[in-house]
Amino acid sequence: MRLRIAGLTLLVLMSATIALAFLFQPDRLELWEPLEGPAQPTAMTELRIAEVSDYGAGDENRLAILITNEASNWLGLAHGLKTIGVPFIMTTDVERALNHDVVLAYPVISGREVDADTLRALARYPQNGGTLIATNVLGGGLAPVFGFEDVVESRAHTHLVFDGAYEITADFEALGQKTIKIGSETKPAANPGTNVYLSPLQPPVAVYEDGSAAIVRRDYANGHAYALGIDLGQLLLKGYNFKEDDISEAYANQYQPTLDTLLRLVAAIYREGEPDAVLLGTVPDGKQLSVMLTHDIDYRKSVLNAVKYAEMEQQNGVRATYFIQTKYINDFNDETFLDEDGIGAVRQLGALGGEIASHSVSHSLQFNRFGLGSGKEALPAYRPFVRNAEKTSDASILGELRVSKYILESLIEKPVTAFRPGYLRIPDQLPEALAWSGYKYSSSVTANKSLTHFPFRLMAGRGFETSTDIFEIPITIEDEMPPLMGERLDDAIAIADRLAAYGATMVILSHPDILGHKFDFAEGFIAHVKPFAWIGTVSEFGDWWAARDAIGVDVVSSDAGHTLKLSCPQPIMGLTLSVPSAYGLTGAIDGGAVLDASEGAWLIDCTSPVMTVSLEAR
């Protein structure tokens with residue numbers, strides 16, 4: 001059996017007898033007029049460990065993160081604040097931090113971690129009108145500042161329950177965020193540490209499931225002090241690195257906004273304390289929800305069926321992403337399906353507006369256990385073979401990424417920038433391997449297991465110290481868990497409506513192995529969300545999100561008035577800004593355009609590295 005990849009036409013020559021023998025003595029398929037590539041080896045450059053100073057630039061309107069111990073999970077906090085759109089700076093300089101209106105001290109306040117002068121300065125700060133947020137207030141004499149008497153550490157707590165009486169939490173119950181899960185009932189030893197604040201002066205902002213105080217608040221004449229009994233950075237990194245341990249309540253197909261709720265809380269406190277709080281919106285074009293319809297093609301019958309889905313999507317004016325396995329070897333999983341018809345279907349998907357993305361070469365259950373590889377894997381020598389459900393030979397992480405990308409780009413003559421592994425198996429080195437191989441976006445984990453319905457930046461080695469440029473866009477709905485997908489449309493719509501209420505992201509994963517109920521689900525879901533959702537491909541949204549992630553937001557004051565300054569290293573269209581209701585335009589705009597200036601929300605295009613908007617005097 002031979003594969004034409006120059007013209008990329010597969011000639012099927014295998015008889016039933018050969019197929020039977022193949023199961024016991026696999027005969028690798030020869031390439032007919034073979035592609036030879038990719039020619040260039042993958043450069044496995046060393047990634048730099050992040051430093052607090054990487055996040056040091058910005059004006060005094062930003063949230064200031066005062067790092068009290070650099071050997072902590074502060075990078076998770078940085079990624080989370082980027083996700084929710086809160087502008088911030090990080091510093092170890094208390095004097096600089098206290099020039100801001102809102103300060104978050106992280107990861108701990110205690111006499112061991114913080115010197116006496118800093119403790120005194122922090123104690124005065126909310127009394128002088130500032131807003132002080134702190135995680136893990138364990139000592140240093142600051143308990144009275146936050147309005148509690150003592151603290152008890154524990155690993156027994158599993159839930160937070162928010163009090164909706166405060167303005168900053170008033171919408172939590174309506175959004176299904178009144179109670180969130182933060183730990184495991186069955187594995188308490190794996191839980192993140194929590195602190196109970198005893199005898200709070202005011203009703204707690206949140207309590208644990210046993211009613212003890214988890215987040216406390218003390219109000220002053222003009223300032224506020226908040227003490228959080230959880231390590232937010234640690235919890236963020238657990239979710240972002242697929243390392244939650246029995247915190248998720250389901251693998252997929254449910255609503256679990258653990259991290260979203262906590263980030264929204266910090267954003268609300270920032271707005272409360274900063275008169276010039278400007279936050280970045282999370283959905284393109286002023287819409288309420290970001291939706292990506294994605295289809296995994298890893299089965300012979302799926303290739304041609306996919307065209308039916310793409311035709312329906314085009315008729316509805318939306319585009320989807322097709323993750324395609326580049327299968328060129330018959331094995332335990334299936335026969336090859338990039339024959340002449342299959343190749344034609346892939347090209348037709350692109351012509352109908354679909355994004356072509358990689359779903360690996362072998363689609364192996366063992367992908368999460370593959371070795372990294374040499375970075376020189378190429379056709380025709382790279383021939384991974386799935387022998388059975390427990391064994392795949394001659395395969396590597398880089399081989400799966402490099403060769404599948406090379407084949408697809410040869411087929412469609414366009415860059416392939418998104419990846420999803422078979423069976424959502426994720427090796428620890430996938431983030432850096434994706435970056436080294438030229439990808440930009442991954443959709444490889446579920447929102448439930450990530451504890452968030454927002455995209456996030458991946459960490460090298462799924463560790464806690466080194467960022468990559470790869471963004472993960474997690475999957476909300478998949479099609480293989482019972483009941484049938486077509487019977488879950490109403491449930492998916494209910495999740496979409498909840499996510500739309502706070503601008504979250506929703507990825508649908510469907511295998512086009514059949515039409516029927518899955519096709520009906522797609523049509524019904526599109527019909528419901530289209531009036532209020534942005535619907536597009538993974539890489540379209542990823543490009544927008546990456547440009548948004550790079551933006552800096554500052555409000556600069558001078559004798560002439562106030563100027564909103566956006567640093568936009570990459571142009572971005574259709575970005576919503578949440579602005580103070582007092583903001584008005586004078587007409588002086590440079591480096592972009594304000595498309596709509598409704599009270600409290602502006603829709604902008606930032607077309608230059610720096611965009612400035614002059615504000616009316618307040």
Got a salt bridge between [X] and [Y], using NZ or NE/NH1/NH2 to carboxylate O under 4.0 Å?
X    : Y    : value
K518 : D513 : yes
K238 : D245 : no
K440 : D469 : no

Between [X] and [Y], is there a donor-acceptor pair closer than 3.5 Å when you use the side chain of the first and the backbone of the second?
X    : Y    : result
T321 : V538 : yes
D428 : G461 : no
E413 : S410 : no
T294 : I508 : yes
Q348 : A310 : no
K530 : N316 : yes
R420 : S443 : yes
R548 : L575 : no
R402 : G375 : yes
E244 : D246 : yes

**OP:** Go through F454 and Y502 one step at a time and tell me if the ring-ring contact (aromatic ring centres under 6.0 Å, His included) criterion holds.
**Re:** CA-CA 10 Å; F454 283 115; Y502 65 98; 5.8 Å; yes
Could you tell me if the ring centre of [X] sits under 6.0 Å from that of [Y]?
X    : Y    : value
H453 : Y255 : yes
W545 : Y441 : no
Y309 : F519 : yes
Y382 : Y406 : no

What pair of heavy atoms forms the shortest contact from [X] to [Y], and how long is it?
X    : Y    : answer
A418 : A357 : O-CB, 3.3 Å
T282 : G503 : OG1-O, 2.5 Å
P384 : I329 : O-CD1, 3.6 Å
W544 : M573 : NE1-O, 2.9 Å
M292 : G536 : CG-O, 3.3 Å
F464 : M459 : C-CE, 3.4 Å

Original post:
Given K414 and E409, is the side-chain contact (heavy atoms from CB on, under 4.5 Å) satisfied, shown in steps?
Top reply: CA-CA 6 Å; K414 292 180 180 178; E409 289 179 344; over 6 Å; no
Which class fits the ring pair [X] and [Y]: parallel under 30°, tilted 30 to 60°, perpendicular over 60°?
X    : Y    : value
F521 : F525 : parallel
F419 : F367 : tilted
W74  : Y55  : perpendicular

Just checking [X]: does its [atom1] atom have more than 12 heavy atoms from other residues, nucleotides or ligands closer to it than 6.0 angstrom?
X    : atom1 : answer
K181 : NZ    : yes
Y299 : OH    : no
K391 : NZ    : no

Pairwise side-chain contact, [X] with [Y], heavy-atom cut-off 4.5 Å (strictly under):
X    : Y    : result
T468 : L47  : yes
K327 : D331 : yes
L293 : V507 : no
I324 : I356 : yes
N448 : E249 : no
Y423 : N368 : no
Q314 : E311 : no
D54  : R48  : yes

Original post:
Is there a side-chain contact (heavy atoms from CB on, under 4.5 Å) between I180 and L451 once you walk through the steps?
Top reply: CA-CA 10 Å; I180 60 171; L451 309 179; over 6 Å; no
Going by distance alone, is a donor N or O of one side chain under 3.5 Å from an acceptor N or O of the other, for [X] and [Y]?
X    : Y    : answer
H79  : S467 : yes
S404 : S358 : yes
Q325 : S360 : no
E478 : N253 : yes
D296 : H363 : no
S539 : E355 : yes
H295 : E313 : yes

Original post:
Which residue, V346, T336, V361, forms the side-chain contact (heavy atoms from CB on, under 4.5 Å) with T326?
Top reply: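 One option only clears the test, and that one is V361.
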Subject >> Residue pair E472, S450: steps toward the side chain to side chain donor-acceptor pair (under 3.5 Å) verdict >> reply: CA-CA 10 Å; E472 177 69 38; S450 303; over 6 Å; no
**OP:** Could you give me the CA-CA distance, side-chain angles and deciding distance for I495 and M506, then say whether side-chain contact (heavy atoms from CB on, under 4.5 Å) is met?
**Re:** CA-CA 9 Å; I495 292 173; M506 191 166 185; 4.0 Å; yes
**OP:** Have a look at T392 and tell me which of R369, Q366, R387 forms a side-chain hydrogen bond (donor to acceptor under 3.5 Å, both in side chains) with it.
**Re:** Q366
Original post:
Does K405 make a cation-pi contact with Y439, if we ask for NZ or CZ under 6.0 Å from the ring centre and within 45° of the axis?
Top reply: yes
Subject >> From I477 atom CD1 to Q254 atom CD, the distance as rounded to the nearest 0.5 Å >> reply: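 Rounded to the nearest 0.5 Å, the CD1-CD separation comes out at 9.5 Å.
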Original post:
What distance separates K308 NZ from I514 CD1, expressed to the nearest 0.5 Å?
Top reply: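 Between K308 NZ and I514 CD1, I get 15.5 Å after rounding to 0.5 Å.
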Subject >> Worked verdict on L458 versus S442 for side-chain contact (heavy atoms from CB on, under 4.5 Å) >> reply: CA-CA 9 Å; L458 289 177; S442 168; 4.2 Å; yes
